[in-house]
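Okay, so here's the structure we're looking at.
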Amino acid sequence: MGGGGGWVAAAMFPDEVWEYVFSFVEGDVERNAISLVCRGWHRIERRCRRRIFVGNCYAVSPQTVLRRFPEVRAVTIKGKPHFADFNLVPSDWGGGASVWVEALAEACPQLEELRLKRMVVTDDCLELIGRSFRNFKVLSLTSCEGFSTAGLASVANNCRNLRELDLQENVIEDNCSNWLSHFPESFTSLISLNIACLDGDVNLFLLERLVSRCSNLKTLRLNHSVPLDRLVSILLKAPQLIDLGTGRFSADSRPELLAKLESSFAGCRNLKSLSGFYEAVPAYLPTIFSVCDGLSSLNLSYATIQSAELTKLITRCKNLQRLWVMDLIEDTGLEAVASSCKLLRELRVFPFDPYGAEHVSLTERGLVSVSAGCPMLRSVLYFCQQMTNAALIMVAMNSPNLTCFRLCIMEPHTPDYLTSQPLDAGFSAIVESCKELRRLSLSGHLTDRVFKSIGTHADQVKMLSVAFAGDTDAGLHYILSGCKSLKKLEIRDCPFGDKALLANAAKLETMRSLWMSSCYVSLGACRLLAQRMPRLNVEVIDEQRGGQLASRPDDCRVEKLYIYRTVAGRRSDMPACVWTL
Amino acid sequence: MLQNPSVLVSSSQLRILREHFSMHIEVICCGVLYFCSASLEIREHLPDWPPIKPLLRSALAEREAYRNHHKTGKFFVKVYMEGIPIGRKLDLLAHDSYQSLIKTLRRMFRTKIICPELAQVPSSKAHVLTYEDKDGDWMMVGDVPWKLFVTSVKKLKIIRADKC
């Protein structure tokens, strides 16, 4: 092994020593680098890799992965493209988890952690997980669908060592309301339970019993069906909680409930994160004042509370690092946040009324004040109705360390409302100033010019989202020929077409995926691209027009296009509306 | 106006309906009720824009439906009668149909108001009801479904029937 007469890394020490050394290296990029040093290290490394991340479930087959990494303990897999969150991907597109779970069940009985995002998970999958992995500890499902509370019952029943059940933003059918009863009385290992996305009623008696006996419970996120008075008893049973998601945060004004709630919160001395607040009413907000000082994360995105009350609460949270809130907070509220929450790292502002019928006083000024007042600001998601280049330039100057900047001006093609200019200058300033920007979402009226800046300056951007922007193919060409670190590109409703795509075909193999919908890409260009690039899957999605794609002419416009690199070849589970060329 | 039954559509079908037809039909897309119209205002009710995740989107939609159903809000519009400089104000959300609106206005202004729905014969003493819409145009009241009318009306004006 190794070069003639040269230093051979692997032979210096026994394999066990190298394994021990490698065990300190957890990141994928670093482990991949280790495996490229020499064949010996490649052999040793693959046998001891414990964590695997598969960013696109169709990029590689489960068999290939498990053959290379037989000792894996923790697997994360992502399925559908991001725009599936916004109803742009047909519901039967794919992303089934069964093939992966079946392969894991067969090859990796030692599996401990499974995290799935945007995948179709069936009750059978969940049952298989329960039956196959003796030491299963973590199940995390985000934005998944296809399963029911009956499936959760089988997980509860079978996974005797479960530590974490994390259900985020899933669509779960409710056919077994007593699924919590399937956790045996002897089961006490739960550390984290997140059931916030459950739509139906939860058996409160069973929930409280579970909370009582799991004394290591640190994270508990309830769903909207849990009323305030039951929250009191839950908190009394679990004062050690670090992360709490409340249920419904409203009740009639009852002084004794107010007092009880206040004292139960006061008993939770370790609380760092609060969320939930479904249907919150201002009367009950003061009950959490005693924990505000210790909070690093506050999610009020479901709380339709007016600015004054929101401000009263948030300004008490002097150590806040993450704030998610509705735009009801208004500019005045954000100014108060800027003066009080000096450690703020992440801000997300969601629209209370996305359809614009009600006027909310949240403008570009709110964003500017937070960027000016919070020197630690790194991540922004901001929905608003108006923006100016001047404001964006100020944000760029105030917050040069931004890693994530997502702006959504709700009406497409909205220009700078003061100058009527496109927002090119503003976004250009952002990419020029924020050298560590990894994620960027654009909106408003934008010409090809902004893409030139992005292509040139956005060296670290890995994910770019573009909607209703650009003038010509040059826009797309600037992105694909620049943006050195680009991994995920998603585009909708832009006048981008064939030329830029074909000229930059090779770039697509360096990226995880490209999504384009409602653009000007022709079927002919897709055919050409598929022909030239055998290691790309070029998927054309067409839900409206029936009939075979083969017979359609080259100049036919493609409504939705999803291109991703793969070593697994064309997939076999496509629905009728998807063709791989 | 015929009451059309609700139709289930996909998000791309909804976009086509919006682009090509100015029908006023109700459609259900992704479990939420939308109006289909070519007007710009209703474009905002696309299920895929702005980019909000499904759980938040349905929470907001539920809230909007609740508001509309329970009429907890008020929506006052100015009403002028031709020849009278001082106008009145009327809460549109207190009514659920053109009949109800006309009845109130007749009482308020003590005049006969012809409504196209009721198909009466115009006389020289009768008035018709017109409104100013979001585009600033003056239109005859009664042509569009009530719910759509409420979202686009800015002002009301009662003018002499023989003028139009």
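Numbers restart at 1 for each chain; the letters A, B, ... are given by sequence-line order, proteins then strands.
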Inset, instruction - Evaluate side chain to side chain contact (heavy atoms under 4.5 Å, CB included) for A/Met326 paired with B/Leu56, printing each intermediate quantity in order. - result: CA-CA 11 Å; A/Met326 288 244 129; B/Leu56 186 61; 4.0 Å; yes
Legend entry - Flag side-chain contact, heavy atom, 4.5 Å: A/Phe86 against B/Arg57: no
Inset, instruction - Determine whether B/Ile52 and A/Phe383 make a side-chain contact, defined as any pair of heavy atoms from C-beta on separated by less than 4.5 Å. - result: yes
Legend entry - Contacting region of A/Thr304 [heavy-atom separation from chain B under 4.5 Å]: side chain
Inset, instruction - Any chance you could measure B/Leu55, atom CG, to A/Asn170, atom CG, to the nearest 0.5 Å? - result: 8.5 Å
Inset, instruction - Could you tell me which portion of A/Pro351 (side chain, backbone, both or neither) has an atom closer than 4.5 angstrom to a non-hydrogen atom of chain B? - result: both
Legend entry - From A/Asn87 atom CG to B/Trp49 atom CH2, the distance as rounded to the nearest 0.5 Å: 13.5 Å
Legend entry - A/Tyr520, OH atom: more than 12 neighbouring heavy atoms under 6.0 Å: no
Legend entry - Close side-chain approach of A/Val171 and B/Pro54, heavy atoms under 4.5 Å: no
Legend entry - Flag side-chain contact, heavy atom, 4.5 Å: A/Phe350 against B/Leu60: no
Legend entry - Heavy-atom neighbours of B/Met139 CE exceed 12 at 6.0 Å: no
Inset, instruction - Would you name the heavy atoms of A/Arg492 and B/Asp48 that are closest together and state the gap between them? - result: NH1-O, 2.8 Å
Inset, instruction - For atom NZ of B/Lys78, decide whether the heavy atoms of other residues, nucleotides or ligands shown that lie under 6.0 angstrom number more than 12. - result: no
Inset, instruction - For atom CZ of B/Arg88, decide whether the heavy atoms of other residues, nucleotides or ligands shown that lie under 6.0 angstrom number more than 12. - result: no
